[in-house]
Amino acid sequence: SQQGEEDPQALSIQEGENATMNCSYKTSINNLQWYRQNSGRGLVHLILIRSNEREKHSGRLRVTLDTSKKSSSLLITASRAADTASYFCATDPSGGGADGLTFGKGTHLIIQP
Amino acid sequence: GEEVAQTPKHLVRGEGQKAKLYCAPIKGHSYVFWYQQVLKNEFKFLISFQNENVFDETGMPKERFSAKCLPNSPCSLEIQATKLEDSAVYFCASSPPSDTQYFGPGTRLTVL
């Protein structure tokens with residue numbers, strides 16, 4: 001059953017502002033990943049954070065992970081129109097390569113120019 | 001290739017007809033995954049392969065869904081006797097022995 005829940009479901013902000021999306025999950029994980037999906041396209045991998053990590057950065061992205069609360073957040077700083085997309089968190093229960101990911105329902109982000 | 005390729009891009013079937021979708025993983029990747037996305041919502045994991053062997057098929061509706069990954073051939077996902085609720089976008093992903101999965105562009109299946 002689906003365990004990830006993103007919050008909010010939709011977010012609309014002005015270009016240049018920061019966007020924060022949250023994800024909660026239910027079972028134990030090896031790692032948590034964030035993906036972006038542009039309309040009508042496949043998923044693009046953004047960042048992976050392992051269960052023993054608390055924070056990770058990649059360019060304008062900052063991800064945090066709190067395993068005690070079973071939650072993660074994705075922060076996009078200085079947003080751009082091109083960041084408009086749906087963002088999904090996905091959990092991997094054991095790592096190692098062949099496990100199917102469990103996805104959340106996604107946050108639809110709209111950046112207003 | 002450096003991208004996961006999926007064919008066809010769109011597929012329309014009448015209810016009860018068979019649908020077959022294809023996926024060419026990135027060369028050198030050992031793992032292949034199939035996911036189903038209904039109405040742009042969450043992705044449902046269907047099945048994974050390690051090379052040509054099924055690794056995890058807990059998400060597959062086994063009565064009508066089957067999948068294969070044979071050597072030197074694209075992987076395939078086949079749906080026998082399609083139903084209206086099978087309408088979705090089906091994504092294939094592949095990964096090397098690591099935790100990052102690389103997704104293809106998807107096949108949109110419409111069952112009428």
Side-chain angles (χ1 to χ4, degrees), chain A residues 1-7 9-10 23-27 29-53 56 58 63 65 84-110, chain B residues 3-7 9-10 21 23-26 28-60 67 69 75 77 88-108:
Chain A
S1 61
Q2 191 64 41
Q3 67 164 354
E5 295 284 341
E6 276 93 342
D7 151 49
Q9 289 190 335
C23 165
S24 62
Y25 58 92
K26 296 193 175 89
T27 60
I29 63 170
N30 174 277
N31 65 78
L32 184 144
Q33 305 176 35
W34 284 90
Y35 287 82
R36 183 185 73 222
Q37 183 181 35
N38 291 86
S39 181
R41 309 287 294 275
L43 288 168
V44 173
H45 184 262
L46 295 176
I47 196 165
L48 179 153
I49 186 166
R50 300 198 182 279
S51 59
N52 61 354
E53 297 175 308
K56 205 159 181 181
S58 176
V63 169
L65 179 64
T84 294
S86 291
Y87 292 82
F88 293 86
C89 68
T91 54
D92 183 345
S94 55
D99 292 303
L101 300 175
T102 299
F103 283 84
K105 293 189 169 93
T107 292
H108 184 50
L109 176 65
I110 298 172
Chain B
E3 292 184 339
V4 175
Q6 289 189 248
T7 55
K9 194 171 180 181
H10 300 283
L21 293 62
C23 168
I26 294 172
H29 283 192
S30 310
Y31 302 105
V32 173
F33 309 81
W34 286 98
Y35 294 87
Q36 178 194 56
Q37 186 186 29
V38 178
L39 294 175
K40 297 187 180 181
N41 288 328
E42 64 231 53
F43 292 74
K44 179 191 172 189
F45 167 71
L46 297 176
I47 189 169
S48 64
F49 289 83
Q50 183 174 4
N51 299 309
E52 63 266 27
N53 303 307
V54 174
F55 184 84
D56 182 354
E57 57 183 344
T58 52
M60 285 281 272
C69 271
C75 297
L77 176 69
V89 182
Y90 291 83
F91 288 95
C92 174
S94 70
S95 74
S98 77
D99 300 320
T100 299
Q101 297 182 18
Y102 298 84
F103 282 74
T107 291
R108 180 176 298 279

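No hydrogens, no waters, no symmetry mates; every other heavy atom, side chains included, goes into these values. Per chain, numbering begins at 1; letters A, B, ... match sequence-line order.
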Highest number of heavy-atom pairs under 4.5 Å with chain A: which of I47(B), D56(B), T100(B)? T100(B)

Drop me the distance from D99(A)'s CG to T58(B)'s OG1, to the nearest 0.5 angstrom. 9.5 Å

The interface call for S39(A) against chain B, heavy-atom contacts under 4.5 Å, is side chain

Interface moiety of S95(B) toward chain A, non-hydrogen atoms closer than 4.5 Å: side chain

Given a strict heavy-atom distance threshold of 4.5 Å, which part of F103(B) is in contact with chain A: side chain, backbone, both, or neither? both

Quick check on Y35(B) against chain A: is it the side chain, the backbone, both or neither that has a heavy atom closer than 4.5 Å? side chain

So what's closer than 4.5 Å to chain B heavy atoms on L43(A): side chain, backbone, both or neither? both

Quiz question: by atom type and distance under 3.5 Å, do the side chains of Q37(A) and Q37(B) form a donor-acceptor pair? yes

Taking atom CD of Q9(A) as the centre, does the number of heavy atoms from other residues, nucleotides or ligands within less than 6.0 Å exceed 12? no

